[in-house]
Colleague: 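Take a look at this one; I'll ask things after.
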Amino acid sequence: MRKRKAFDDQASAAEIAGAASAEAAYLAVHEEDEHLPPGTDLTAAAFFDVDNTMMQGASIFHFARGLVSRNFFTTGDLLRFAWLQIKFRLVGEDAEDTSRAREGALAFVAGRQVSEIVDLGEEIYDELMAERIYPRTRELAQRHLDAGQRVWLVTATPVELAQIIGRRLGLTGALGTVAETEDGVYSGRLYGEMLHGQAKAAAVRALAAREGLDLRRCTAYSDSVNDVPMLSVVGTAVAINPDGALRDIARERGWQIKDFRTGRKAAKIWVPGALGAVLAGIAALIWRSFWRRTRRAMAG
């Protein structure tokens, strides 16, 4: 009975998160009278995951690294934040751990002005993210745009950062995690949960309903098995830089597979892409912190 309630609560949180994300994406695109160019396909669109699909590594971690370099918070805060994300990705089925992950996911911006985070996001995109965009994935998105289709990013990254990435890439918009705000200040709470797993599928469905899209004519792209729910709600699913589990599912279901990575192939990578990026980032930050302390000690 408790497991059933936890499942229902998780499903409800996913629907809330998806609806909030779709509303934010819709309002961002339609805040002014939208004039669609002639030839726009009104019923077909493309949805792209961000981390390790459109961008190498985890966008939220790149953002956090940028905040650390600005003394926005400490390396210790970053490590605690990263650990919450790891637990969410690996043991999300556990109600207690999931609850803690939700509460901590955006806690580092609690009490901050939304405008401040947006301004920092613009700077950090230029510094740490722009060069990590996969050119060939960007080309795929451009093909959809050239065909008259609208293109949205779909990511667990905060919606404000997701919209910056989408705008910089010339895309239609972005679906991302929506945090509660009060008078332009982050409360540190989320609407429902992070936009992850079932929540991404809920967001795509909700946006399709708002925009009048025929999901059978839509395409979705992702690298992670966690995005199978999103990939399953559209007519065409494409696995890009897939982890091993998604590669297996894609083969079973006849989905397209594209790998734009260099070096080791995905089949040889045992750590999920986003988790690997987080761990690599943590290692780099620990090393940098150690090196700085060592240099200060030597100088003293």
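These numbers were taken from a predicted model, which means no experiment stands behind them. Side-chain atoms are counted along with the backbone in the values below, which use heavy atoms only and exclude waters and symmetry mates.
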Colleague: Looking only at side chains, do Gln142 and Asp146 share a donor and an acceptor under 3.5 Å apart?
Modeller: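 On atom types as modelled, these side chains qualify, holding a pair under 3.5 Å.
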
Colleague: State whether the side chain of Thr172 and the backbone N or O of Val151 hold a donor-acceptor pair below 3.5 Å, judged by distance alone.
Modeller: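 Flag set: sc Thr172 to bb Val151 pair under 3.5 Å.
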
Colleague: Quick one: does any side-chain atom of Asn241 pair with a main-chain N or O of Phe260 as donor and acceptor, under 3.5 Å?
Modeller: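 Here the side-chain-to-backbone pair exists.
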
Colleague: About how many Å separate CG of Asn52 and CD1 of Ile240, when rounded to the nearest 0.5 Å?
Modeller: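 Interatomic distance, Ile240 CD1 to Asn52 CG, rounded to 0.5 Å: 11.5 Å.
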
Colleague: With side chain to side chain contact (heavy atoms under 4.5 Å, CB included) as the test, would you mind laying out the steps for Tyr125 and Ile133 before giving the verdict?
Modeller: CA-CA 10 Å; Tyr125 176 85; Ile133 298 298; 3.8 Å; yes

Colleague: Could you tell me if His30 and Glu211 have a donor-acceptor pair between their side chains, going purely by distance under 3.5 Å?
Modeller: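 Side-chain D/A pair, Glu211 to His30: present.
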
Colleague: Who else is in Leu231's hydrophobic cluster (ILVMFWY, side-chain heavy atoms under 4.5 Å, direct or via others)?
Modeller: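 Members alongside Leu231: Val225, Val228, Leu246, Ile249, Trp255.
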
Colleague: Within this structure, what is the CG-OG1 distance for the pair Leu215 and Thr236, rounded to the nearest 0.5 Å?
Modeller: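 Rounded to the nearest 0.5 Å, the CG-OG1 separation comes out at 11.5 Å.
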
Colleague: Shortest non-hydrogen contact from Leu213 to Cys218?
Modeller: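 In this case the closest contact between Leu213 and Cys218 is CB-SG, 4.2 Å.
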
Colleague: Going hydrophobic residue to hydrophobic residue with side-chain gaps under 4.5 angstrom, can you get from Val234 over to Ile257?
Modeller: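 No; Ile257 is not reachable from Val234 via cluster members.
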
Colleague: Scan the side chains in residues 38-46 for donor-acceptor partners under 3.5 Å anywhere in the protein, sequence neighbours excluded, and list what turns up.
Modeller:
{"unit_1": "Thr40", "atom_1": "OG1", "unit_2": "Pro37", "atom_2": "O", "d": "2.6"}
{"unit_1": "Asp41", "atom_1": "OD1", "unit_2": "Thr43", "atom_2": "N", "d": "3.2"}
{"unit_1": "Asp41", "atom_1": "OD1", "unit_2": "Thr43", "atom_2": "OG1", "d": "3.4"}
{"unit_1": "Asp41", "atom_1": "OD1", "unit_2": "Ala44", "atom_2": "N", "d": "3.3"}
{"unit_1": "Asp41", "atom_1": "OD1", "unit_2": "Arg217", "atom_2": "NH1", "d": "3.0"}
{"unit_1": "Asp41", "atom_1": "OD2", "unit_2": "Arg217", "atom_2": "NH1", "d": "3.3"}
{"unit_1": "Asp41", "atom_1": "OD2", "unit_2": "Arg217", "atom_2": "NH2", "d": "2.9"}
{"unit_1": "Thr43", "atom_1": "OG1", "unit_2": "Arg217", "atom_2": "NH1", "d": "2.5"}

Colleague: Could you list the residues that satisfy side chain to side chain donor-acceptor pair (under 3.5 Å) with Asp214, not counting sequence neighbours?
Modeller: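 So Asp214 forms a side chain to side chain donor-acceptor pair (under 3.5 Å) with Arg216.
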
Colleague: Any side-chain heavy atom of Arg138 sitting closer than 4.5 Å to one from Leu169?
Modeller: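 Yes, at least one pair of side-chain atoms sits under 4.5 Å.
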
Colleague: Could you tell me whether a side-chain N or O of Ser21 sits under 3.5 Å from a main-chain N or O of Gly18, the two making a donor and an acceptor?
Modeller: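 No, because the side chain of Ser21 does not come within donor-acceptor range (under 3.5 Å) of the backbone of Gly18.
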
Colleague: Got Lys200 and Val204 here, is their nearest side-chain heavy-atom distance under 4.5 Å?
Modeller: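 Heavy-atom side-chain distance check fails, nothing below 4.5 Å.
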
Colleague: Can you check whether Val159 reaches Val178 side chain to side chain, under 4.5 Å on heavy atoms?
Modeller: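 Side-chain contact under 4.5 Å: yes.
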
Colleague: Atom CD in Gln256, atom CG in Leu140: separation rounded to 0.5 Å?
Modeller: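 Separation between the atoms: 9.0 Å.
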
Colleague: Looking at every non-hydrogen atom in both residues, tell me the closest pair between Gly184 and Gln113 and how far apart they are.
Modeller: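 Heavy-atom minimum between the residues: O-OE1, 3.2 Å.
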
Colleague: Under the rule for side chain to side chain donor-acceptor pair (under 3.5 Å), what residues qualify as partners of Thr157, not counting sequence neighbours?
Modeller: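 For Thr157, the residues satisfying side chain to side chain donor-acceptor pair (under 3.5 Å) (neighbours in sequence not counted) are Ser59, Thr155.
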
Colleague: Backbone N or O of Leu145 within a donor-acceptor pair of the Arg150 side chain at under 3.5 Å?
Modeller: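 No.
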
Colleague: I'd like to check Thr137 versus Met55 (side-chain heavy atoms, cut-off strictly below 4.5 Å). Are they in contact?
Modeller: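 Answer no - side chains too far apart.
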
Colleague: Any side-chain donor-acceptor pair under 3.5 Å between Glu23 and Tyr191?
Modeller: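 Not at all, the side chains of Glu23 and Tyr191 share no donor-acceptor pair under 3.5 Å.
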
Colleague: Could you measure the distance from the CG atom of Leu175 to the CG atom of Leu207? Nearest 0.5 Å is fine.
Modeller: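 Reported value, rounded in 0.5 Å steps: 5.0 Å.
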
Colleague: Give a yes or no answer on whether the side chain of His62 reaches the backbone of Gln56 with a donor-acceptor pair at less than 3.5 Å.
Modeller: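 It does hold such a pair.
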
Colleague: For the residue pair Arg210 and Tyr26, would you count it as a cation-pi contact if the rule is NZ or CZ under 6.0 angstrom from the ring centre and within 45 degrees of the ring axis?
Modeller: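 Verdict for Tyr26: a cation-pi partner in Arg210.
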
Colleague: Determine, step by step, whether Glu252 and Arg247 satisfy the salt bridge (charged side-chain N to carboxylate O under 4.0 Å, His left out) criterion, reporting the C-alpha distance in whole Å, the side-chain angles of both residues, the deciding distance to 0.1 Å, and the verdict.
Modeller: CA-CA 9 Å; Glu252 291 173 4; Arg247 185 180 293 271; over 6 Å; no

Colleague: Measure from the ring center of Phe48 to the ring center of Tyr221 and say whether it is less than 6.0 Å.
Modeller: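 Under 6.0 Å, so yes.
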
Colleague: Take Met129 and Leu161, measure what side chain to side chain contact (heavy atoms under 4.5 Å, CB included) needs, and give me the verdict at the end.
Modeller: CA-CA 11 Å; Met129 299 182 191; Leu161 180 58; 3.9 Å; yes

Colleague: Given the rule that I, L, V, M, F, W and Y join up when any side-chain heavy atoms are under 4.5 Å apart, are Val185 and Val118 in one cluster?
Modeller: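 They do not share one cluster, since no chain of ILVMFWY contacts under 4.5 Å joins Val185 to Val118.
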
Colleague: Only counting residues at least two apart or in another chain, list the ones meeting salt bridge (charged side-chain N to carboxylate O under 4.0 Å, His left out) with Arg253.
Modeller: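 So Arg253 forms no salt bridge (charged side-chain N to carboxylate O under 4.0 Å, His left out) with any residue.
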
Colleague: Between Ala25 and Ala174, which heavy-atom pair has the shortest distance, and what is it?
Modeller: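 Between these two residues, the closest heavy atoms are CB-O, 3.3 Å.
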
Colleague: Can you tell me how far apart CG (Asn226) and CG (Asp243) are? Round to the nearest 0.5 Å.
Modeller: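 These two atoms lie 7.5 Å from each other.
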
Colleague: With side chain to side chain contact (heavy atoms under 4.5 Å, CB included) as the criterion, how do Leu171 and Arg167 come out once you've worked through the C-alpha distance, each side chain's angles and the decisive distance to 0.1 Å?
Modeller: CA-CA 6 Å; Leu171 309 181; Arg167 184 171 64 254; over 6 Å; no

Colleague: Is the closest side-chain heavy-atom distance between Ile16 and Ser12 below 4.5 Å?
Modeller: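 Yes, side chains in contact.
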
Colleague: Might you point out which heavy atoms bring Ala14 and Ala202 nearest each other, and give the distance in Å?
Modeller: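 Closest pair (atom of Ala14, atom of Ala202, distance): O-CB, 3.7 Å.
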
Colleague: Is Arg65 paired with Glu127 through a side-chain N to carboxylate O contact shorter than 4.0 Å?
Modeller: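 Answer for the salt bridge query: no.
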
Colleague: What distance separates Ser69 OG from Glu123 CD, expressed to the nearest 0.5 Å?
Modeller: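 If we round to the nearest 0.5 Å, Ser69:OG and Glu123:CD are 9.5 Å apart.
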
Colleague: Identify, with sequence neighbours excluded, every residue that meets salt bridge (charged side-chain N to carboxylate O under 4.0 Å, His left out) alongside Glu131.
Modeller: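 Scan of Glu131 (salt bridge (charged side-chain N to carboxylate O under 4.0 Å, His left out), adjacent residues dropped) gives none.
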
Colleague: If you define the side chain from C-beta out and look only at heavy atoms, does anything of Ile165 sit under 4.5 Å from Leu153?
Modeller: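 Contact flag for Ile165/Leu153 side chains = yes.
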
